[in-house]
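Worksheet: the structure to be examined is printed underneath.
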Amino acid sequence: MISENLEKALNAQIRIEAESSQVYLSMACWAESKGLEGVAGFMYDHSDEERVHMLKLVKYVNERGGTVKISDLKAPDTDFGSLQKMLQQLYEHELFVSKSINDLVRITLEENDYATHNFLQWYVAEQLEEEALARSVLDKINMIGDDKGGLYLFDRDIQQLTGESIASNTGA
Ligand code: OFO
């Protein structure tokens, strides 16, 4: 059994993962409306991944005899201003998720729940990859600036990028 406190914290994380999926879905739609097909594909994939993160937590809480609460979600922005701003927001959002996972891990230690602590290690590793990926696309777009040719190549190549490819390049 998980404690009430931990159940509450895991449910809060379920909501964060679901909201992340919605934010990235909205970013995908915005990019698609701007003709950035590659960026849109990248964000659609990212949105799907966040839903998988949410489901893993849902199944874990059920497995441990806890009660899952599927709550309403905050509506994401629909206009992201520019690709640079959107990717900055993506990076900041991943930092926020990492902080939230770290807070969860701290609670498992306070409660001596080593099973949940162990379960969350997957998220700790995943966040390392996702932060590195978001930082890498942000660095690239900042380098490109307003260069149209650069933007064309960026949009063409972004879909090849995954967390794993970044991790293997950085040795993470
Ligand atoms: Fe990218 O956040 Fe889930 O874990």
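Computed over heavy atoms, backbone and side chain alike; hydrogens, waters and symmetry mates excluded. Note that ligands are numbered from 1 as they come in the structure, with each ligand's atoms numbered from 1 the same way.
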Result block: side-chain N/O donor-acceptor pairs under 3.5 angstrom for residues 69-81, not counting sequence neighbours:
residue : atom : partner : partner atom : Å
Asp79   : OD1  : Trp30   : NE1          : 3.2
Asp79   : OD1  : Gly81   : N            : 3.0

All N/O donor-acceptor pairs, side-chain side in residues 53-61, below 3.5 Å, sequence neighbours left out:
residue : atom : partner : partner atom : Å
His53   : ND1  : Glu17   : OE1          : 3.4
His53   : ND1  : Glu50   : OE1          : 2.9
His53   : NE2  : Glu126  : OE2          : 3.3
Tyr60   : OH   : Arg64   : NH1          : 2.6
Tyr60   : OH   : Thr116  : N            : 3.2
Tyr60   : OH   : Thr116  : OG1          : 2.8

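Using modelled atom types and a 3.5 Å distance limit, the side chains of Gln88 and Glu92 yield a donor-acceptor pair.
Residue pairs that meet the salt bridge (charged side-chain N to carboxylate O under 4.0 Å, His left out) test with at least one member in residues 26-45, sequence neighbours left out, do not exist here.
Ser20 places none of its side-chain heavy atoms less than 4.5 Å from the side chain of Val23.
Protein residues are said to neighbour a ligand when one of their heavy atoms lies under 4.0 Å from it; for ligand 1 these are Glu17, Glu50, His53, Glu94, Val97, Tyr123, Gln127, Glu130.
Ring geometry, Phe96 versus His93: the interplanar angle falls from 30° to 60°, so the pair is classed tilted.
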